[in-house]
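Structure first, then comments.
Counting starts at 1 for both ligands and their atoms, following the listed order. Reckoned from all heavy atoms, side chains included, excluding hydrogens, waters and symmetry mates.
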Amino acid sequence: MVEKEEKKLTIEDLPGVGEATAEKLRENGYDDIMNLAVASPKDLSELSGIAEGAAIKIIAAARKSADIGNFETGEQILQRRKDVMKLTTGSKNLDELLGGGFETQSITEFFGEFGSGKTQIMHQAAVNATMSEEQGGFDCDVLIIDSENTFRPERIIQMSKGKDLDPDVVLKRIHVARAYNSHHQILLAEKAGDLAKEFPIRLMIVDSLTSHFRSEYMGRGSLSERQQLLNRHMHDLLRFGTVNNAVIAVTNQVSARPDVFFGDPMAPIGGNIVGHTATFRVYLRKGKAGKRIARLIDSPYLPEGETVIQLSENGILDGV
Ligand code: ADP
Ligand code: MG
């Protein structure tokens, strides 16, 4: 555990937050002081149905009492970085592209069109995480937030066999929650910490990160609200990754960019919020016969590059 124990104030400790208000706030995911401290008054008022004036006061009070004095020394950060571990993707090529595999305490995003292999890569990561450290795994449990209903235990069984693992053991270590809408998804990520107290979860998958947000917040008018919620959600994920020294792996779709007339006209959903919060971004393109081209787009310390992987019944392999 990386995070130190903090004395916990609840939202009821804030002036102006009685029982009824607290309940409204909790229902909408504002269940701790930090969430309130970083909320926008308009959001808070619209989502929780409290007057905007009251929302401003609550946020001000939350900012006052939130423990945001978390400056760390470079030495502390270096110590935390020493805990960073890498999880194999199943493909040496892809591991190399990522500097050794999926990194803990970071968000790794795979984006690409339908059928590009995002969900396959997530299934493989889940299987691999249960493997021993010598095999490139974490010997851990896995949490999957499934927003597109594409989790298939049958695929886990095939991929487990591909790794000579006992599928029953692997399946028991993978905890899957369907997310029915974006708020449900946000809530599941917030509650993930509870599950991590019960099981050693070192990999959290969100497949897909953006699809609910995309379909629920259509049009210019709701864009800023969508981005704020996505931002909060991603920071919850990152926090889980830091606290639990866990890998956060997410998928994202692409949409046609009307403003690009040459080059690749496909852009990931979620704009700057997703782009800036994901530490590693990998773009997947279809090749022939189960081959996929993976391109590293964005990383704080790795060069851009491309590699080829192979989707197979046994799972993710090197492409040749
Ligand atoms: P995305 O999540 O990006 O929409 P998927 O991860 O679902 O795409 O990828 C679907 C592709 O995965 C299929 O087109 C196929 O190439 C490959 N695939 C899925 N299941 C199998 C399997 N059992 N054996 C081999 N390839 C498979
Ligand atoms: Mg998918």
Side-chain angles (χ1 to χ4, degrees), residues 87-91 93-95 97-98 102 107-129 142-165 167 170-171 174 176-182 184-185 188-189 203-215 233 237 247-256 264-270 274 278 280-297 306-320:
L87 169 67
T88 182
T89 62
S91 151
N93 290 346
L94 188 53
D95 285 354
L97 189 75
L98 291 172
F102 291 97
I107 297 178
T108 303
E109 171 199 358
F110 281 85
F111 68 94
E113 63 174 314
F114 174 77
S116 59
K118 304 180 294 291
T119 295
Q120 301 304 309
I121 292 173
M122 297 301 118
H123 278 68
Q124 185 74 63
V127 170
N128 292 356
V142 178
L143 199 163
I144 300 181
I145 298 178
D146 178 11
S147 69
E148 297 185 322
N149 197 20
T150 52
F151 175 77
R152 293 291 176 274
E154 297 82 2
R155 273 308 268 150
I156 298 294
I157 293 172
Q158 288 176 335
M159 290 177 176
S160 301
K161 288 179 180 162
K163 293 279 180 195
D164 282 327
L165 301 170
V170 175
L171 283 170
I174 301 177
V176 186
R178 273 290 303 281
Y180 292 100
N181 57 49
S182 62
H184 188 205
Q185 184 175 324
L188 287 170
L203 168 62
M204 167 140 73
I205 289 169
V206 187
D207 184 12
S208 125
L209 175 72
T210 47
S211 58
H212 282 316
F213 292 89
R214 183 190 196 186
S215 61
H233 182 41
L237 296 174
V247 164
I248 310 295
V250 305
T251 68
N252 191 4
Q253 293 128 312
V254 288
S255 68
D264 202 316
M266 303 304 272
I269 309 290
V274 175
F280 303 93
R281 314 193 83 184
V282 181
Y283 179 30
L284 291 170
R285 286 189 334 268
K286 287 182 188 170
K288 281 183 194 144
K291 288 200 200 330
R292 297 291 186 273
I293 299 112
R295 164 175 267 279
L296 184 70
I297 301 288
E306 259 187 20
T307 193
V308 182
I309 60 171
Q310 174 77 48
L311 308 179
S312 78
E313 177 166 336
N314 282 343
I316 307 298
L317 305 169
D318 279 340
V320 275

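Taking every heavy atom of Leu311 and a limit of under 4.0 angstrom, the matching atoms of ligand 1 come to 11 (C), 12 (O), 16 (O), 17 (C). Less than 4.0 angstrom separates some heavy atom of Arg292 from each of these atoms of ligand 1: 14 (O), 16 (O). Of all the atoms in ligand 1, the ones that sit under 4.0 Å from a non-hydrogen atom of Phe114 are 4 (O). Those atoms of ligand 1 that come under 4.0 Å of a heavy atom in Glu113, given as number and element, are 3 (O). Every atom of ligand 1 with a heavy atom of Gly117 under 4.0 Å away is listed here by number and element: 1 (P), 3 (O), 5 (P), 6 (O), 8 (O), 9 (O).
Under 4.0 Å from ligand 1, the heavy atoms of Gln158 that appear belong solely to its side chain. Of all the heavy atoms of Gln310, none lies under 4.0 Å from any atom of ligand 1, so neither backbone nor side chain is involved.
Contact between Ser116 and ligand 1 is present, with at least one heavy atom of the residue lying under 4.0 Å from the ligand. Taking a 4.0 Å cut-off on heavy atoms, Glu148 fails to register as neighbouring ligand 1. Distances from ligand 1 to the non-hydrogen atoms of Arg155 include at least one value under 4.0 Å. For Ser312, the closest heavy-atom approach to ligand 1 falls below 4.0 Å.
In this structure, a donor-acceptor pair under 3.5 Å is present between the side chains of Thr210 and Asn252.
Nearest protein heavy-atom neighbour of atom 4 (O) of ligand 1: Gly115 N, 2.7 Å.
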